[in-house]
K.L.:
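After the structure tokens below, expect a handful of questions from me.
Counting convention: from 1, in listed order, for ligands and their atoms alike.
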Amino acid sequence: MFKNIILLLLCCFIFTACVKKEVPKDDLTKILERGKLIVGVRDDTAPFGFRDQKGNLTGYDIELAKQLAKGILGSEKKIEFVPVTASDRIIKLSSGEVDMLAATMSITNNRLQILNFSAPYYYAGQAILVNKSSNMTSLRDFQGKRLIVIFGSTSEGTLRTNVPEVEIIGYKTYREAYKALKAGKADGIVADDSILMNYAVKDSSVHVLPKRYSKEPYAVAVRKESDSERLLESIDYVIENLQRTGKLFRMQEKWKLKD
Ligand code: GLU
């Protein structure tokens with residue numbers, strides 16, 4: 001009898017061991033095991049993500065991402081950057097090519113349907129960059145004219161709502177958009193003031209019109225599944241720390257994001 005019970009228990013043990021499912025690892029565990037953070041960043045969006053003279057990625061978003069690597073993995077060197085554009089960043093995140101995006105990305109209701117966002121780490125607002133010779137002063141003046149937007153950015157929606165008659169020309173990068181404006185292909189670029197200002201600072205023949213058409217809270221984006229919950233908590237923890245210690249503010253000053 002005793003032998004039978006032992007045998008039964010043994011069978012139960014073997015059966016349980018066989019059917020025991022692998023518990024799926026959440027995003028944070030995968031990152032910790034890999035020992036490296038893979039972050040999608042912009043490489044043509046100064047002062048957030050761009051290349052210095054040596055070709056290295058630098059900027060406010062890049063520094064923020066390094067702080068995340070330091071907070072999560074103990075070293076800001078444990079990071080790999082993957083350049084993304086406004087139009088391919090969500091695909092690169094959803095497909096698992098990157099763990100997160102620190103890519104001038106605004107929190108919007110539409111994006112919240114498919115992604116999770118950290119607490120905001122910067123606030124921008126949409127504005128228009130024009131040639132100084134232009135006599136346009138506000139969005140309504142562009143009715144029937146041509147305006148440039150970056151594919152996948154929030155500005156297209158703003159234009160469709162405010163100036164339905166405007167002709168919209170889209171480009172993948174800010175580099176191409178700026179070149180097109182200078183070549184006279186359009187009357188202005190609609191994008192975040194924080195990004196457009198950089199062109200106005202370097203080129204005295206263009207300026208940013210004073211009006212702002214939206215509030216753009218920049219945040220780190222992660223995949224929506226519940227397995228990114230702990231990762232999001234870690235990101236928020238780092239951002240909160242950077243805010244509390246004044247480091248985030250100093251980073252904004254360094255990149256001239258504060259007036
Ligand atoms: N912040 C805006 C957005 O998320 C525009 C900046 C960008 O090109 O990413 O769409």
Side-chain angles (χ1 to χ4, degrees), residues 39-51 57-65 81-94 97-98 100-129 139 147-162 166 168-181 186 188-201 206 208-209 211-224 235 239 248 251-252 255-257:
V39 187
V41 294
R42 309 296 287 272
D43 68 354
D44 73 325
T45 312
F48 294 91
F50 64 105
R51 295 195 185 269
L57 284 162
T58 188
Y60 179 73
D61 280 353
I62 306 293
E63 273 184 19
L64 176 83
F81 292 116
V82 175
V84 297
T85 62
S87 52
D88 70 11
R89 60 190 161 188
I90 295 181
I91 300 165
K92 285 189 171 167
L93 177 62
S94 308
E97 193 175 332
V98 298
M100 62 186 71
L101 298 167
T104 63
M105 191 149 185
S106 309
I107 305 173
T108 67
N109 286 336
N110 279 347
R111 289 173 183 165
L112 277 169
Q113 308 294 313
I114 48 169
L115 305 173
N116 277 340
F117 284 96
S118 71
Y121 62 84
Y122 182 72
Y123 288 90
Q126 276 168 14
I128 312 171
L129 182 80
L139 208 45
L147 276 172
I148 296 170
V149 296
I150 304 301
F151 286 130
S153 75
T154 42
S155 1
E156 189 172 345
T158 305
L159 283 192
R160 298 242 179 255
T161 322
N162 288 286
V166 77
I168 300 173
I169 310 179
Y171 288 95
K172 257 190 175 171
T173 65
Y174 285 95
R175 217 174 284 123
E176 292 166 307
Y178 178 63
K179 242 171 105 180
L181 177 73
I189 304 176
V190 183
D192 293 351
D193 51 0
S194 46
I195 299 166
L196 296 179
M197 280 299 184
N198 196 54
Y199 291 96
V201 167
V206 296
V208 177
L209 295 178
K211 197 155 167 28
R212 299 293 175 265
Y213 298 92
S214 69
K215 198 161 190 191
E216 305 286 324
Y218 289 7
V220 178
V222 296
R223 286 178 285 278
K224 202 170 177 66
I235 295 170
I239 292 177
L248 201 68
M251 282 163 54
Q252 289 170 5
W255 294 104
K256 302 199 172 22
L257 288 166

K.L.:
Atoms of ligand 1 less than 4.0 Å from Tyr218 heavy atoms?
P.N.:
1 (N)
K.L.:
Identify, by atom number and element, the atoms of ligand 1 in contact range of Ser153, meaning under 4.0 Å from any of its heavy atoms.
P.N.:
5 (C), 8 (O), 10 (O)
K.L.:
Where the closest heavy atom to atom 3 (C) of ligand 1 is concerned, which of Arg42, Arg89, Glu156 has it?
P.N.:
Arg89
K.L.:
Can you label the angle between the Tyr60 ring and the Tyr121 ring as parallel, tilted or perpendicular, going by 30° and 60°?
P.N.:
tilted
K.L.:
Ignoring hydrogens, what is the shortest heavy-atom contact between Val41 and Phe81? Give both atom names and the distance.
P.N.:
CG1-CD2, 3.7 Å
K.L.:
Test side chain to side chain donor-acceptor pair (under 3.5 Å) on Asp192 and Tyr218 and set out the steps.
P.N.:
CA-CA 11 Å; Asp192 293 351; Tyr218 289 7; 2.5 Å; yes
K.L.:
Under 4.0 Å from ligand 1, counting heavy atoms only, is it the side chain of Thr154, its backbone, both or neither?
P.N.:
both
K.L.:
Which atoms of ligand 1 are found less than 4.0 Å from any heavy atom of Met105?
P.N.:
4 (O)
K.L.:
Knowing that exactly one of Val220, Ile90, Asp61 qualifies, which makes a side-chain contact (heavy atoms from CB on, under 4.5 Å) with Met105?
P.N.:
Ile90
K.L.:
Heavy-atom contacts with Arg111 under 4.0 Å: which atoms of ligand 1 show up? List them by number with element.
P.N.:
3 (C), 4 (O), 10 (O)
K.L.:
How close do Gly59 and Phe50 get, counting heavy atoms only, and between which atoms?
P.N.:
CA-CE2, 3.9 Å
K.L.:
So, applying side-chain contact (heavy atoms from CB on, under 4.5 Å) with Phe117, which one of Leu101, Thr108, Ile107, Val222 is it?
P.N.:
Ile107
K.L.:
Looking at Tyr174, which atoms of ligand 1 are within less than 4.0 Å of one of its heavy atoms?
P.N.:
6 (C), 7 (C), 8 (O)
K.L.:
Tell me the protein heavy atom at minimum distance from atom 5 (C) of ligand 1, and give that distance in Å.
P.N.:
Asp192 OD2, 3.3 Å
